[in-house]
Amino acid sequence: MTLDPIKPAFDPVTWAIPMFVVTIVLEIVLGRLGKAKATYEAKDTATSLAMGLGSTIVGGFTAAAIAGVSIWVWQNHRILEVPMTAWWAWVAVFFLEDLTYYWFHRIAHERRFWWASHVNHHSSQHYNLATALRQTWTGGVAGTWLLWLPLALIGFPPAMIAIQKGISLVYQYWVHTEAINKLPRWFEAVMNTPSHHRVHHARNPRYLDANYAGILIIWDRLFGTFIPEDEKEPPRYGLVHNLGDFNLLRVAFHEWMGIGKDLAGSRSIREVVGYLFGPPGWSPDGSRDTSASLKAKWRARESAKVAGAPEQIAAE
Amino acid sequence: MTRWPAGRNSRAGEEGDAVEDLYILIGSAVAVALMVAVAAWARIARPIAALDPDSARTLLAAEFPDHAPTRTWIAADGAGLIARAGDQALVLYRLGDSWVARTLRWEDALKAPVRAGKVCLKLRDPAAPVAKLAVSGVNPWPPETNDEAIAA
């Protein structure tokens, strides 16, 4: 059996398109019948799906260049010969690609330049299967695809990397739902699940910057970014500062526009670097909120509640 | 959702892939229209009522937990509010079945012009450049006697 190391034998995402359509319609119908927890707002849904469709079109412009670089690295600089037909190679690429995804996703949240590309995925105030398809238009430009090049450098064939990336994307689709509550404990312990990913999409301060997993939640547990969903505090979805309308161009480019505005007003190299590569919300005088400052304020409020509770009881 | 273009080493192969891509794109566009139509038909957006003083207080507490608003002005259609917290104006307005929150200087909020029955607040944010809240004769903006006229 031979597999083309350059051109993937199949594209998991393309194959999954009919499943996307069927399951979104199913989620809506079950929500309508009251059989599942699901909310859909028509304009929000149209925005999510149009972003997904637009991502496919825009991505087409950079896909050839990105694939070309990966192929060039593999053909000219690979360290090992990784056979596509070996089972262990698929196991290895599964774990290594998922680890790469974790770091890509973490950087995409914790550094503003890459957040500008990823933010649109979090811009819906709904959490449903359509939200999963609210994809970036500027991922190619942001350059996060460079993080996958070490896999080609190690020796994994570009086609193998592409297939595994597709499998990861398809896996992540189904976790974008409120219709599934918690799954068996062993599954929640190892795999990314709807519960874990709801936390990731939440804008409650306690849930910010958590659960970056693609397929395996073990990376978050390992690197200290795991936060479980607390039934006492349901996630509120969207951004810390939600978008003001459903304009697709605003959804795709608003953070880039914000960066441009800040850079235009920068007065030093430190400010330029901070605005570009600091955490989202960074400002020279600390007047804006970052995830860290929002969490600190939340902790202070929680502490004040605990400290105030005995006095309140005494007063009563 | 990016298809891998590598390996298209013959012209016929490239043309075949391009035609296949076009079919997938057209099919996806049709599917998007179908799914949006089903979402609109289902009417399963979150229930959202016009704001009243109680719901305004709850919403302000959720969106601005570190602020202590002293006065709240609710838009004539109940689809937004402006609250004063010190020298800041806390602005909330409805988008679909959700809310958008921003702050601006109270002085700037007071100076915001009213056009076509709506007070237009410049938010100076590319993500939400302007908030437009409905005003009426009994509920004017700015409040006639500064913040004394704003309903508590």
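Scope of the values below: all heavy atoms of this structure, side chains included, with no hydrogens, waters or symmetry mates. Given the structure is predicted, the values throughout are model-derived calculations rather than measurements.
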key: Option among Val21(A), Thr56(A), Ile17(A), Leu49(A) that satisfies the side chain to side chain contact (heavy atoms under 4.5 Å, CB included) test with Ser28(B)   = Ile17(A)

message = Between Lys261(A) and Arg124(B) (side chain of the first, backbone of the second, donor and acceptor by atom type, cut-off under 3.5 Å), is there such a pair?
response = yes

CZ (Phe61(A)) with more than 12 external heavy atoms under 6.0 Å = no

message = Out of Asp97(B), Val100(B), Val36(B), return the one with the most heavy atom pairs under 4.5 angstrom to chain A.
response = Asp97(B)

request  = Please answer whether the main-chain N or O of Pro126(B) pairs with a side-chain N or O of Arg250(A) as donor and acceptor at a distance below 3.5 Å.
outcome  = yes

message = With heavy-atom distances below 4.5 Å as the criterion, would you say the side chains of Met35(B) and Phe20(A) are in contact?
response = no

ask   = To the nearest 0.5 Å, what is the distance between CG (Leu243(A)) and OG (Ser98(B))?
value = 11.0 Å

query = Counting a contact as any heavy-atom pair under 4.5 Å apart, which residues of residues 85-93 of chain B contact chain A?
reply = Tyr93(B)

ask   = Between Gln125(A) and Trp99(B), is there a donor-acceptor pair closer than 3.5 Å when you use the side chain of the first and the backbone of the second?
value = yes

task = Among the options Ala40(B), Ala131(B), Gly96(B), pick out the one with the most heavy-atom pairs lying under 4.5 Å from chain A.
result = Gly96(B)

query = Which atom names give the shortest non-hydrogen contact between Asp245(A) and Leu95(B), and what distance separates them?
reply = CA-CD1, 3.7 Å

message = For the NE2 atom of His241(A) and the CG atom of Leu123(B), what is their distance to the nearest 0.5 Å?
response = 11.5 Å

task = Let me know if Leu33(A) has heavy atoms under 4.5 Å from chain B in its side chain, its backbone, both or neither.
result = neither

inquiry  = Counting only non-hydrogen atoms closer than 4.5 Å, does Ala29(B) touch chain A with its backbone (N, CA, C, O), its side chain (CB onward), both, or neither?
reply    = both

query = Where does Ile28(A) contact chain B at under 4.5 Å (heavy atoms): side chain, backbone, both or neither?
reply = both

task = Taking only Lys NZ, Arg NE, NH1 and NH2, and the carboxylate oxygens of Asp or Glu, determine whether Glu63(B) and Arg203(A) approach each other closer than 4.0 Å.
result = yes

message = If only side-chain N and O atoms count, and only distance matters, is there a donor-acceptor pair under 3.5 Å linking Asp125(B) with His254(A)?
response = no

From Thr14(A) atom OG1 to Asp21(B) atom CG, the distance as rounded to the nearest 0.5 Å = 7.5 Å

Arg288(A), CZ atom: more than 12 neighbouring heavy atoms under 6.0 Å = yes

note = So CG of Leu30(A) and CD1 of Ile44(B): to nearest 0.5 Å the spacing works out to 9.5 Å

Arg102(B) side-chain N/O to Asn242(A) backbone N/O, donor-acceptor pair under 3.5 Å = yes

ask   = Are more than 12 heavy atoms from other residues, nucleotides or ligands located less than 6.0 Å from atom NZ of Lys37(A)?
value = no

